[in-house]
Amino acid sequence: MGPTKTFRAQFTHRDSIRGQFGLTDTRNCTHGADSEDSARREMNIFFPEFHAETWWKEQSEFFKDGKVHFDEERVEHVPLGKVHFGEGGFEQLPADKIS
């Protein structure tokens with residue numbers, strides 16, 4: 001991502017997101033929390049339905065292993081071979097529908 005200060009990023013981390021695309025220090029192209037606690041607090045503000053502990057326990061391994069696909073209907077990544085239904089449930093996706 002690069003240093004928060006865009007000017008610094010452009011000189012010390014040219015290949016970073018901020019070094020390449022940041023415009024000013026307040027328009028630095030991306031946001032990152034400064035700690036895990038801050039990240040959790042910010043996720044609760046912007047994504048109140050997301051529960052990090054549940055995600056780590058139930059889905060993180062799929063992402064680490066690259067075993068996810070994009071569910072266009074729900075506009076989210078889900079474990080490979082599964083699609084959402086109802087309130088947070090999953091069903092198996094036919095092999096020919098896995099992208």
Side-chain angles (χ1 to χ4, degrees):
M1 183 173 2
T4 302
K5 303 286 186 185
T6 298
F7 186 73
R8 178 176 295 147
Q10 290 171 343
F11 284 93
T12 64
H13 295 79
R14 289 184 180 136
D15 293 332
S16 69
I17 293 171
R18 288 176 173 157
Q20 293 179 61
F21 305 109
L23 300 176
T24 67
D25 289 344
T26 56
R27 296 173 65 198
N28 64 14
C29 189
T30 186
H31 175 74
D34 61 359
S35 70
E36 188 172 332
D37 288 338
S38 292
R40 287 182 192 281
R41 181 178 50 75
E42 292 171 9
M43 284 189 293
N44 286 331
I45 293 168
F46 293 105
F47 311 104
E49 71 287 348
F50 178 75
H51 301 284
E53 291 78 15
T54 302
W55 184 88
W56 278 106
K57 186 170 32 171
E58 297 177 5
Q59 295 189 17
S60 66
E61 291 301 318
F62 292 102
F63 281 80
K64 289 178 190 175
D65 295 339
K67 295 179 180 177
V68 295
H69 74 99
F70 188 68
D71 183 330
E72 292 184 22
E73 189 173 313
R74 291 185 57 96
V75 192
E76 68 179 303
H77 288 87
V78 295
L80 193 61
K82 299 185 183 286
V83 292
H84 276 286
F85 69 91
E87 287 296 314
F90 287 100
E91 64 183 27
Q92 194 65 32
L93 187 68
D96 64 334
K97 298 291 185 186
I98 297 174
S99 55

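If you're wondering where the values come from, they're calculated on a predicted model, not measured in any experiment. Residue numbers count from 1 along this sequence.
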Looking at every non-hydrogen atom in both residues, tell me the closest pair between His77 and Val68 and how far apart they are. CD2-CG2, 4.2 Å
Taking the side chain as every heavy atom from C-beta outward, state whether Thr4 and Arg18 have any atom pair closer than 4.5 Å. yes
My understanding is that only residues two or more places apart in sequence, or in another chain, count here; which of them pass salt bridge (charged side-chain N to carboxylate O under 4.0 Å, His left out) with Lys64? Glu61
I'd like to check the side chain to side chain donor-acceptor pair (under 3.5 Å) partners of Gln10; sequence neighbours left out, ordered by chain and number. none
I need the Glu58 CD to His51 NE2 distance, nearest 0.5 Å. 11.0 Å
Nearest heavy-atom approach of Ala52 to Met43 is CB-CE, 4.3 Å
Flag, side chain of Asp25 to backbone of Thr6, donor-acceptor distance under 3.5 Å: yes
Heavy-atom pair of closest approach, residues Cys29 and Ile17: SG-CG2, 3.7 Å
According to side chain to side chain donor-acceptor pair (under 3.5 Å), who are the partners of Glu53, at least two apart in sequence or on a separate chain? Arg40
Hydrophobic cluster (4.5 angstrom, side-chain heavy atoms) - remaining members for Phe11: Phe7
Please list, chain by chain and in numerical order, all residues satisfying side chain to side chain donor-acceptor pair (under 3.5 Å) with Thr26, sequence neighbours excluded. Thr24
For Phe47, check side-chain contact (heavy atoms from CB on, under 4.5 Å) against everything at least two apart and list the hits. Glu49, Phe50
Report the C-alpha separation of Arg41 and Ile45 in whole Å, then their side-chain angles, then the decisive distance to 0.1 Å, and conclude whether the side-chain contact (heavy atoms from CB on, under 4.5 Å) test is met. CA-CA 7 Å; Arg41 181 178 50 75; Ile45 293 168; 4.2 Å; yes
Who pairs with Ala33 by side-chain contact (heavy atoms from CB on, under 4.5 Å), at least two apart in sequence or on another chain? Ser38, Ala39, Glu42
Pairing residues for Asn44 by the side-chain contact (heavy atoms from CB on, under 4.5 Å) criterion, not counting sequence neighbours: none
Using side-chain contact (heavy atoms from CB on, under 4.5 Å) as the criterion, list what pairs up with His13, not counting sequence neighbours. Pro3, Ser16
Looking at every non-hydrogen atom in both residues, tell me the closest pair between Thr30 and Met1 and how far apart they are. CG2-CG, 3.2 Å
If you compare all heavy atoms of Val78 against all heavy atoms of Asp71, which two are closest, and at what distance to 0.1 Å? CG2-CB, 4.2 Å
